[in-house]
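Side chains are part of it too, since the values below use all heavy atoms of this structure and drop only hydrogens, waters and symmetry mates. All chains are named by letter (A, B, ...) in the order of the sequence lines, taking the proteins before the strands, and each is independently numbered beginning at 1.
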2 protein chains.
Amino acid sequence: MPDDRAYPSGGVHGQVVYQIGRQIVSGEIAVGSDLPREVELCERFGTSRQAIREAIKVLAAKGLIEPRRRRGTRVRPRAAWNLLDPDVLLWHAPDGFGPDFLADLLELRATIEPAAAELAARRGDPARLAELGAAIEDMRLAGLDPVRFYDADIRFHVGLLLASGNSLFAQLASPVRAALTASFRLQERIGGPQENGYAIHAAVYEAIAARDTARARAAMAFVIEAAATELRPVMTPAPESTTGA
Amino acid sequence: MPDDRAYPSGGVHGQVVYQIGRQIVSGEIAVGSDLPREVELCERFGTSRQAIREAIKVLAAKGLIEPRRRRGTRVRPRAAWNLLDPDVLLWHAPDGFGPDFLADLLELRATIEPAAAELAARRGDPARLAELGAAIEDMRLAGLDPVRFYDADIRFHVGLLLASGNSLFAQLASPVRAALTASFRLQERIGGPQENGYAIHAAVYEAIAARDTARARAAMAFVIEAAATELRPVMTPAPESTTGA
DNA sequence: TGACCCTAATAAGTACGACATATTGCGGAG
DNA sequence: CTCCGCAATATGTCGTACTTATTAGGGTCA
């Protein structure tokens, strides 16, 4: 699982970043409310003010909070959060994202990934395309084994963004990975991977390998549409649990 | 200029974040190389280690550097940088992005903005659409005044992303704004705004206001294509200056 | 009574000094 | 020549003291 997130990480301040970050993203600390004072956080976490301050600076760098003199440190509105930041996305995961955010993620995928497929078909680096082919082959070998299938699936979709040759598309690997992970968890409730999963992905790869830009785009759009169709009935019931492990 | 960046900001540590961030992004501190030791940075900036450490944590949170015990703090490969982070983008601006990165930005715009136009046409909040209309009207009034035109232009494109109703599309306001700002600077070399600028933007707005999704998408794609066509001759000569203000 | 200014309290910002800990490279023993 | 262990190094953590911006509240004057 080649992740790019940095928090949670070893070290005291990293733990604090994760704890507070999770509490904010999960809504436990409400948007617009004030964090406890630094000294109070020191007592709560049993750490020095140095560690607390470093954690606050990290969270502020990701747009979650805004420290100000005398007023204290306030949680910024969600629109100000760096939602595409790998860490911020990761902190969403335990709560399952929620139907609205998942829908946004799917729309982003439906927009980006077909374009990425087209670019990869047009100018994709052969080495990258080989990795895509390997991922497809692993999907075939995985059969109905969910773990192997999902792993190969992620490798394919992320690899596609890298193969697009666009550094900004590559940045969207985190949200795509997050969306896939969340989708897997939902799909498991209705019984494992789709039977046609391998076939529709292979169609994308073959179009890219054949340098057929239009077909690559269309095939990829179909993959996303299939995922959206499958998820639609599952994601409508909004989950209420905030205590989920 | 409604910005969402946080650095440069008041305060000592904010200055350090900006200085080092700029040096890394501009290449003055090479990728893969080590930053000076914290104590040495203290002397150089004339600050305490506290401020230096907070700055390092902020830059690490944005993926630029990776501190490690005993080894020191190393500049991470560019692929690890959070290129969509508003601050990281802003730190690119003084160097003019460079042709490759600008091309990536344009591809991102060409992918995202037509989709955003379609979504805005489908379900855009009337209040947001009104803002779009106001921006269009300002573009008309601006005539050939570059400053007014560019301001309205940015308001239109950013407003469109907000009107899409997708929180992740909204996150891409920063890169879009960055791309527009960079484009303006290049276009000025070949003589101000395009004459048909207002007309092609107005076409997008009218399609959205008429809730015509297909026309909105097509009109927006045309706007981006026009911008790309106009920039193509200007952005090929790679700028050499790193000393820019 | 109401508006205004000044003061004091507050919480983040900065600074300095010390120690802890992980990691790497070097040198000696086998 | 290999391997083990020690020492050097740079970040990580801690504690305390002081500074500064900001705001709330009280007191004064019109």
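Annotation: proximity of residues 41-63 of chain A to DNA chain C (heavy atom, distance under 4.0 Å) is found for A/Arg49, A/Arg53, A/Lys57, numbered in ascending order.
Evaluation of the ring-ring contact (aromatic ring centres under 6.0 Å, His included) rule for A/Phe169 yields no partner, not counting sequence neighbours. Remark: A/Ala93 pairs with A/Phe97, A/Arg185 by the side-chain contact (heavy atoms from CB on, under 4.5 Å) rule, at least two apart or across chains. Partners of B/Ser174 according to the side-chain contact (heavy atoms from CB on, under 4.5 Å) rule, which considers only residues two or more places apart in sequence or in another chain, are B/Asp4, B/Pro86, B/Leu89, B/Arg177. Every residue two or more places apart in sequence or in another chain was checked for a ring-ring contact (aromatic ring centres under 6.0 Å, His included) with A/Tyr205, and none qualifies. Taking B/Phe184 as the reference, B/Tyr150 meet the ring-ring contact (aromatic ring centres under 6.0 Å, His included) condition, with sequence neighbours excluded. Here A/His13 pairs with A/Tyr7 under the ring-ring contact (aromatic ring centres under 6.0 Å, His included) rule; sequence neighbours left out.
For the pair A/Glu113 (side chain) and A/Leu108 (backbone), a donor-acceptor distance under 3.5 Å is absent. Counting only distance, with no hydrogens or angles, the side chain of B/Arg22 and the backbone of B/Trp91 share a donor-acceptor pair below 3.5 Å. A donor-acceptor contact shorter than 3.5 Å links the side chain of A/Gln171 to the backbone of B/Leu83. At distances below 3.5 Å, at least one donor-acceptor pair connects side-chain atoms of A/Asp145 with backbone N or O atoms of A/Val147.
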Return the polar atom pairs (N/O with N/O) between nucleotides 21-25 of chain D and the protein under 3.5 Å, or none.
| residue | atom | partner | partner atom | Å |
| --- | --- | --- | --- | --- |
| D/dA21 | O4' | A/Arg69 | NH1 | 3.1 |

For residues 62-69 of chain B, which side-chain donor-acceptor pairs fall under 3.5 Å, sequence neighbours excluded?
| residue | atom | partner | partner atom | Å |
| --- | --- | --- | --- | --- |
| B/Lys62 | NZ | A/Ala61 | O | 2.8 |
| B/Lys62 | NZ | B/Asp85 | OD1 | 3.2 |
| B/Lys62 | NZ | B/Asp85 | OD2 | 2.8 |
| B/Lys62 | NZ | B/Asp87 | OD2 | 3.1 |

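For the pair B/Glu40 CD and D/dT9 P, the computed distance is 14 Å after rounding to whole Å. The interatomic distance linking A/Gln15 (CD) with D/dT13 (C1') rounds to 14 Å, in whole Å. The OH atom of A/Tyr7 sits 12 Å away from the C1' atom of D/dG12 (whole-angstrom rounding).
At least one side-chain nitrogen or oxygen of B/Thr73 sits closer than 4.0 Å to the OP1 or OP2 atom of D/dT11.
No salt bridge links A/Glu54 with A/Lys57; every basic N to acidic carboxylate O contact stays at or beyond 4.0 Å.
Screening residues 96-108 of chain A for salt bridge (Lys or Arg N to Asp or Glu O under 4.0 Å) gives A/Glu107-B/Arg123 as the qualifying pairs, with residues at least two apart or on separate chains.
Here chain A contacts DNA chain C (any atom closer than 4.0 Å to a heavy atom, that is under 4.0 Å), and the contacts span C/dA9 to C/dT14 from 5' to 3'.
Overall bending of the helix from C/dT1-D/dA30 to C/dG30-D/dC1, expressed as the angle between end axes built from five pairs apiece, is 0° (10° steps).
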